[in-house]
Amino acid sequence: MPESAAAQHGEMLCTLPGDDVRQIMWRYAGRFDLQMLVQSARQVARGTVARLVAEGARHSHDWTTAKDRMLKEFDEAGITAMFVDPEYGGYLEGPKNLAMALAAFELAWVDGGAATCALATGLALAPIHERGTEEQRRRYMSLAVPGGPGPGRPPWRGAFALTEPLPYVGVETGILGGKVRIADWPEGGEPILEVNKRGRFITNMAFANFVTAAVDSADPRIKGSCMVILEESDPGLFDRGAPARKLVHQLSATNDPILQLKVPASRIIGGYEVKHGVLVPRYSHGEIIEAVFRRTRVTVGLMTAAKLLSAIEPLIRYHRDRFRGSDAVPPGSPRYELGLQQREDVLYRVIDIWATGEAAASLGFAAARLFDILDPLEREKDATLAAQGIKGGTAAYKALRKRQKDALEFIELDARPQNRRDQARYEELKNDKVVQFLVLDALANVLCPAAKLWNTGHGANMLREAVSLMGGYGITEDCPGFLGHKWMDAQLEATYEGPEAVQRRQLSVTMTNEVFLAQFANWIREMRAVASKRPGTGACALATAMQLWLWTLRHLQKARDARGNKLLQGARQGVTFPLADALCWLVATRQQILDVLELEEKGPQNPAVAEGLEGTLQFFTDLAHTHVAKAAGEVGRICAELVFGYNRHPAWDDPEYRGCLTEDELVAVDSLVPGMSGYAADVVAADGAHPAKAGPCVEFDGYEDFQKMRVRLDACQTGAMLSKDRAAKALTKVMIPAALDYPQ
Amino acid sequence: MSNGYHIVVCAGIVPDPLQTLEPVTGPQGPALRNEMMLPAVLDPWAAHALYEAAHLARNAPGSKVWLVSLSPKAKLQQVMMTIAQKVPFELVALDGPASGFTDAGETAVALARAIQAIPGLDRSRLLVFGGWESASRGAGATLQMVGEILGITDQFQGVDALEIQSDGSFRILERIEGGVHQVSACAGPPAVLGWATGTLPEPPNQPQIGMQNMRAIMPALQGAQPAGLAGGKIEFLEVRIPSVRRETQVIKDLSPEEIAKEIVEWIKE
């Protein structure tokens, strides 16, 4: 494989990547509002939050005065107001997905609980923002802004109460614990609702001023489910409940509240209609939650990504300094200068952690940016459908299904060069908001669960690796970078807002959407094109892995197991879930490569990045290549397991098996084509003797295609370890700060 | 003063103090290794001056604060993402090296020209603020020369406090040896004040101020002209990081009296 100029010249990563580099890679170099938010959040994280952790604030489950100080810091730093549109007193224009993602990333760099705490009011506001009436938006958004209406008024903080069912009682997650009934319905007046809600693991509940709660109807005069807004001063019981005894995220307040309150029906999020004496909420709780979670889950995925990347500097410092201070290790000696970095294993493992962090961040930020585009598009789509008299629910679903072929046509046209497509038709479809929504929505429905699932799940595994690389230090509270805490916290991030099984379930549905698969097929071509220009990125191997995954999916859609049962179906989680896992590796790694290309394109325009860019690019390219190798390995393994694993192994005495030749037949074959017998694997002797193995080798329709791709994929690993070698060497040279910029 | 002050704060940027700073010799002379790639902060001495300027402006209606900075504009932009959120000001950016190895005289000329070119600047209300020293080089020479070029002879260095008297005059506390201050009286502007640490803490970030500042800062950065420092007037014979002067000893069971005696002897040295 040809090496880049930087590789040939031995250009190395000079310093750890700074803000200038990240702004380009994560596409906010042109957004000074976001750059300022990053700096603000960083100051709080590496100041107040880090001090709290260092002082042992995580040792208490209670919401303490010290922890409460953090909320004030969030307010002053603009973190509290970042969810709010300027018309209600906020300061960030437009969609807030990337903004939230960046702020959460910065806070989680130090402590995941602090990030969760900062995001929880945003989560409480999200149902109101996404589906609330204008009156509801105006009231609660304005109240959530520090120093909003009222002199010196502290902001209102919110909690979001979906309520997971109480554990060990056999309730399914689709069933809600909360109930709503009509307490009073005055003649010609507004109904008064009685809400009974028991929450569990509700973040911010220790100090929340309002709660957005999901409830089910317990009254024939209310249809279905809905979400309601509850305020702490509403008549009834607003019991914040006992704090959860969490082992993780202790800088967020988590309680099990009991809420028995009477509220006017105008608190139903999105409003309601009265039809034939029945109160019909405009949105069910499910419709609201879907709109909320698919955005906020991305942010959770990024929290784990931040931790992975935050581990790099402490690890390098620990490894380099490991033997310094000993009389037996004089300054200037390799042992003094490099410490444990003299050992390849240490370097390789840090590279794996770093590569995972890069891929996780790339995937998460790509998803956040996508939602920033999708948010206004969704509103335009709704408006377009509404203009056609289509309101929502089933009617909207049917209308969108009808447009799916247009979306597929657009994707197909988009992949062609301009001179080889019907440009007028392409422009028409490009300007069609419904078509564009369908295209991006299909993508978002994969990227969001992928970011949540892969970043947190695989990220937690890699954080364990980071802890192990600190030796005994790693499992102490003195570990620089709080790595032990971060490892444990990652497990919660893998769990809340929908645990891993929920994400896999969602992916198993959305990954088979033809609109997504058409885009995925284009990505294969895209990666081949990248590979022809930048062979060192591993894009070619990734393309092959993508091809193998797509082939496997198509195969499994038709294939049946040895018992004749269909393989790719909802209930067959042994098939769909691993396939979803494999897809996550692919989408994360693709985005990692795209971010490297972005840096290559835009880096030279910034003088601060241009200096040393060759070395930086070479390092990121090597990281990507290294990660492609991991991804390809995972995908190959999973696909092979699924393609072969559900077939019964052929037996020697199987009368239907056609793969075996007898020795006589073999002689006959050789007489026709000399040497042909050498290709026969399974030969049975006249007396029935056969090679010492379980049975003849397997064959099925498509077997050869799969084998060719699998072998090609293995061969595509060529050069990946050379990249890892180079990246590892860069680790020994890179300049790191004299000390970590937050306390320990 | 009824119309307030026109306060110009001269401020460079320096590498974040936590970074590893390693002198190297480049084609243009001495430099710090990977300096352009290291995260930067506003020179802490000048940052104090900026906070004092904003405080003074807030208490003197009609005042306005400008921040004049000669720095690589790409790095300055990153620094502005934090500083712009602290206090209201208008940026005057000059694109050029902020390293401690530039000629203070050339830097002073460039800064003075930039100050003179500020539209609407009223010399009779002018206060030039800056750091008494710099974290990149502790010579403390640039600000004095800026004042000289601008013809401002009332200069105060190592300032810790500026108090406005009822008659509009200033009472200025300058830091001198032994932890004491020299108290001066100044009739009023124009004056140059090189700040030590001042008395104000770093203000919290205020995103609304940041958004307001940045609307003018971004165009200022984009339009920043090269400062045109020719260099070559100074020859550096040697550059090295300060040597460690303290030799730490770990001694067990030393009595407080013995420790005190040792400290006194060390001070006498």
Side-chain angles (χ1 to χ4, degrees), chain A residues 13-21 23 29-44 46-48 72-73 75-82 86 89-93 145-147 313 317 605-613 615-616 734-742, chain B residues 13 15-22 24 26 31-42 71-86 95-98 202-222 224 226 241 244 248 250:
Chain A
L13 181 72
C14 296
T15 61
L16 297 176
D19 285 324
D20 322 76
V21 171
Q23 286 159 9
R31 294 278 308 268
F32 66 75
D33 52 346
L34 298 186
Q35 292 175 31
M36 286 197 293
L37 177 64
V38 165
Q39 296 303 328
S40 281
R42 185 175 299 167
Q43 212 166 347
V44 177
R46 302 186 195 189
T48 304
K72 196 165 175 293
E73 295 276 341
D75 297 345
E76 287 181 353
I79 296 168
T80 311
M82 75 176 166
Y91 63 96
L92 288 176
E93 298 274 359
V145 176
E313 185 191 321
R317 183 174 297 107
Q605 296 162 20
N606 182 332
V609 177
E611 188 173 311
L613 181 60
T616 308
V734 66
M735 196 166 97
I736 61 169
L740 201 62
D741 62 352
Y742 54 97
Chain B
I13 62 172
D16 183 308
L18 280 177
Q19 297 297 322
T20 305
L21 305 179
E22 186 183 327
V24 290
L32 290 176
R33 187 178 164 213
N34 300 324
E35 185 167 357
M36 268 301 270
M37 298 162 73
L38 298 176
V41 296
L42 197 69
S71 314
K73 65 178 178 182
K75 299 304 293 180
L76 183 59
Q77 183 173 328
Q78 293 298 333
V79 173
M80 284 299 116
M81 296 308 157
T82 303
I83 293 300
Q85 298 190 65
K86 300 290 181 192
D95 191 18
E202 180 179 340
N205 285 354
Q206 300 166 83
Q208 303 279 13
I209 288 178
M211 294 295 285
Q212 200 178 335
N213 276 341
M214 287 307 292
R215 287 190 189 101
I217 286 174
M218 289 307 287
L221 283 164
Q222 280 152 11
I241 51 174
V244 178
T248 304
V250 180

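Numbered from 1 within each chain, the chains take letters A, B, ... in sequence-line order.
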### Message
Taking atom CD as the centre, does A:Glu313 end up with more than 12 heavy-atom neighbours from other residues, nucleotides or ligands that are less than 6.0 angstrom away?
### Response
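For A:Glu313, atom CD is crowded (more than 12 foreign heavy atoms under 6.0 Å).
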
### Task
Please flag which part of B:Glu202 lies under 4.5 Å from any non-hydrogen atom of chain A: side chain, backbone, both or neither.
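The side chain, not the backbone.
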
### Task
Indicate whether the side chain of A:Ser40 and that of B:Gln85 have a donor and an acceptor atom separated by less than 3.5 Å.
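Looking only at side-chain atoms, B:Gln85 and A:Ser40 do form a donor-acceptor pair, the distance falling under 3.5 Å.
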
### Query
Without hydrogens or angle criteria, can the side chains of B:Gln78 and A:Gln23 be said to hold a donor-acceptor pair below 3.5 Å?
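A pair is found: one side chain offers a donor N or O, the other an acceptor, under 3.5 Å apart.
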
About how many Å separate [atom2] of [Y] and [atom1] of [X], when rounded to the nearest 0.5 Å?
| X | Y | atom1 | atom2 | result |
| --- | --- | --- | --- | --- |
| B:Thr20 | A:Met735 | OG1 | CE | 5.5 Å |
| A:Phe32 | B:Asn213 | CZ | CG | 10.0 Å |
| A:Asn606 | B:Gln77 | CG | CD | 7.5 Å |

### Message
What verdict does the side chain to side chain contact (heavy atoms under 4.5 Å, CB included) test give for B:Met81 and A:Asp19, after you've listed the backbone C-alpha separation in whole Å, the side-chain angles of each residue and the deciding distance to 0.1 Å?
### Response
CA-CA 11 Å; B:Met81 296 308 157; A:Asp19 285 324; over 6 Å; no

### Message
Please rank A:Pro607, A:Gly18, A:Gly90, A:Ala81 by heavy-atom pairs under 4.5 Å with chain B and give me the top one.
### Response
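Ranked by contacts with chain B, first place is A:Pro607.
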
### Query
Going by heavy atoms in the side chains, are A:Met36 and B:Met211 under 4.5 Å from each other?
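Of all side-chain heavy-atom pairs linking B:Met211 with A:Met36, at least one is under 4.5 Å.
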
On a heavy-atom basis, which atom in [X] and which in [Y] lie closest, and how many Å separate them?
| X | Y | answer |
| --- | --- | --- |
| A:Ala608 | B:Lys75 | CB-CD, 3.6 Å |
| A:Glu611 | B:Met37 | O-SD, 3.2 Å |
| B:Pro207 | A:Gly78 | CG-CA, 3.3 Å |

### Task
Name the member of B:Gln208, B:Met214, B:Arg33 that forms the most heavy-atom pairs with chain A at distances under 4.5 Å.
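Of B:Gln208, B:Met214, B:Arg33, B:Met214 has the most heavy-atom pairs under 4.5 Å with chain A.
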
### Query
Tell me, side chain or backbone of A:Leu740 under 4.5 Å from chain B's heavy atoms, or both, or neither?
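Interface part for A:Leu740: backbone (N, CA, C, O).
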
### Task
For A:Glu76 and B:Asn205, run side chain to side chain contact (heavy atoms under 4.5 Å, CB included): C-alpha distance rounded to whole Å, both residues' side-chain angles, the deciding distance at 0.1 Å, then the answer.
CA-CA 6 Å; A:Glu76 287 181 353; B:Asn205 285 354; over 6 Å; no

